[in-house]
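A quick write-up on the structure given underneath.
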Amino acid sequence: MKYISTRDKSTSVSAAEAISLGLSREGGLFLPDSVPALTKADIEEIARLSYPERAKLIMSRYLEDYTEEELGSFCSKAYGENFDCPECAPTVKVGDKTHVLELWHGPTSAFKDMALQMLPYLLTAAMKKTGETKKVCILVATSGDTGKAALEGFKDVENTKIMVFYPSDGVSDVQKLQMQSQEGENVGVIAITGNFDDAQSAVKTIFSDEKLREELDSKGWFLSSANSINWGRLLPQIVYYVSSYADLVASGEIGNGEEVDFCVPTGNFGDILAGYFAKLMGLPVGRLICASNANNVLTDFINTGVYDRNRRFYTTISPSMDILISSNLERLLYLLSGDDKLVARLMAELKESGKYTAPAELMEKLRASFAAEFLDDAETKEVIGRVWREKGYLMDTHTAVAYGALEKYRKADPGRTCVVLSTASPFKFTPAVLEAIGEDGEGAGVELIDRLSSATGKTAPKNLAALKTKKARFSKIVEKTELLGEVKDFLR
Ligand SMILES: *Cc1c(COP(=O)(O)O)cnc(C)c1O
């Protein structure tokens with residue numbers, strides 16, 4: 001299996017090269033040139049395996065240049081004691097035909113751990129395989145959760161450094177302290193004035209700075225990304241769709257072969273794209289429902305075919321989805337059209353005017369697999385409160401956006417069993433969650449962790465409960481124009 005670029009399909013690199021490069025030279029994203037098949041018998045087998053074994057089975061089909069031994073060892077380290085339950089990603093029944101896939105049992109209580117506990121192993125092995133002798137510096141623009149999960153994944157990993165940039169007013173108190181208090185010798189954390197898109201485009205500019213590339217090269221460094229543009233970030237996310245499906249079959253909730261919908265709280269389109277890969281492999285997925293908050297650029301795109309980022313940016317109670325440029329949508333456009341020229345043209349239009357219109361045939365194909373709904377903050381809180389009162393299930397704000405989106409979707413198409421992806425622990429977004437269940441949400445986010453515990457009788461994840469005693473190590477705030485200097489300083 002080779003990997004091609006979405007903007008030039010004549011590109012042909014190995015999995016290790018795709019992972020170590022992150023982004024293709026001409027700016028495209030890497031995709032495998034074929035999709036391995038998953039059979040009914042595979043599902044039966046997977047149902048009997050542990051989570052690390054499931055991950056090894058699925059990932060090995062995409063990573064032909066990694067050995068079984070390597071992958072076995074990576075998977076048992078990435079999905080081991082660092083998770084707070086042995087299933088790693090349990091599927092919990094919340095209502096009739098409605099299940100929640102909890103993806104936040106990792107060390108930072110966000111679904112990003114599912115990929116970022118694995119990526120450092122894939123990346124450092126990829127560097128060895130491709131004969132890369134330089135050290136790698138990971139640069140991350142984060143809307144909150146990626147930053148902490150990447151820091152935790154890469155901390156003290158040999159031959160790596162990691163620097164994280166977050167929008168100073170775009171993350172929750174808990175997220176901020178999680179990052180500011182990060183331990184490790186090879187880490188850096190800086191706040192940028194502006195929103196997530198400002199942080200993301202500033203980091204992208206650094207990646208495409210040829211002069212900087214040469215300068216760092218001569219000093220023995222190269223830059224890489226832990227954002228979901230890296231195939232090594234996306235691949236581990238395919239696993240939990242298959243894993244959840246296998247669990248539903250094993251518990252008798254569905255028959256093997258029965259179609260299931262997945263409803264996904266979406267920002268950069270990485271999570272939901274992994275679900276589309278699971279579907280392409282042959283997992284019986286009906287529709288993938290793309291759930292957005294008030295930044296509903298994807299809802300509009302899926303419903304109209306026009307992608308237009310020229311709109312008001314909202315800071316919402318689900319900040320990890322406050323995104324107007326969803327990088328991974330580019331991969332879907334390629335998968336649906338197979339047309340690298342078209343993708344290159346649409347992406348150039350997006351860069352130039354912030355807008356493009358996808359061809360009608362492409363959109364028709366897209367709508368066969370995807371639907372889209374969005375919720376504003378008031379609707380999101382209503383969902384959290386109601387589901388807590390009626391079902392005793394406590395959700396974070398991102399999960400609630402998806403849960404509410406499913407309710408809207410079902411008005412038109414009520415049939416199938418659906419799995420709602422739960423992407424963060426409710427204890428990461430305490431002010432909004434407390435208010436939503438009718439409690440006082442005033443106060444510093446970190447102190448509210450105890451309040452949410454006593455109001456609900458739920459135990460906070462250990463890493464979050466421990467924040468109380470943590471001190472901020474990193475508190476620098478810079479303008480986005482100062483990023484380049486910061487990176488150079490960090491690698492001096
Ligand atoms: C990152 C994130 C999302 C969005 O996932 P994408 O892969 O960027 O679409 C949703 N919820 C939470 C809590 C996240 O951290």
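In this text, all values refer to a predicted model and were calculated from it rather than measured experimentally. One-based numbering, in listed order, for ligands and for the atoms of each. This chain uses plain numbering: 1 for the first residue, then up along the sequence.
Geometric assessment of Lys365 against the ring of Phe370 yields a negative cation-pi assignment under the 6.0 Å and 45° thresholds.
The ligand atoms of ligand 1 that sit less than 4.0 angstrom from a heavy atom of Asp145 are 12 (C), 13 (C), 14 (C), 15 (O). Ligand 1 places these atoms under 4.0 Å from at least one heavy atom of Thr266: 9 (O). If you number the atoms of ligand 1 from 1 as listed, the ones under 4.0 Å from a heavy atom of Phe269 come out as 6 (P), 8 (O), 9 (O). Atoms of ligand 1 found under 4.0 Å from any heavy atom of Lys112 (numbered from 1 in listed order, with element): 1 (C), 2 (C), 3 (C), 14 (C), 15 (O). Interface atoms of ligand 1 facing Gly270, defined by a heavy-atom separation under 4.0 Å, are 6 (P), 7 (O), 9 (O). Every atom of ligand 1 is numbered from 1 in the order shown, and the set under 4.0 Å from a heavy atom of Ala424 is 13 (C).
At the shortest separation from atom 4 (C) of ligand 1 among protein heavy atoms lies Gly267 N, 3.5 Å. In terms of protein heavy-atom proximity, atom 8 (O) of ligand 1 is nearest to Asn268 N, 2.7 Å. Considering only non-hydrogen protein atoms, atom 12 (C) of ligand 1 sits nearest to Thr423 OG1, 3.3 Å. With respect to atom 10 (C) of ligand 1, the closest heavy atom belonging to the protein is Pro265 O, 3.5 Å. If you check which protein heavy atom lies closest to atom 7 (O) of ligand 1, you get Asp271 N, 2.9 Å.
In this structure, a donor-acceptor pair under 3.5 Å is absent between the side chains of Thr315 and Asn195. Judged purely by distance below 3.5 Å, without hydrogens or angles, the side chains of Asp271 and Tyr240 pair a donor atom with an acceptor atom.
In this structure, Arg451 does not pair ionically with Glu447, as no charged nitrogen and carboxylate oxygen lie closer than 4.0 Å.
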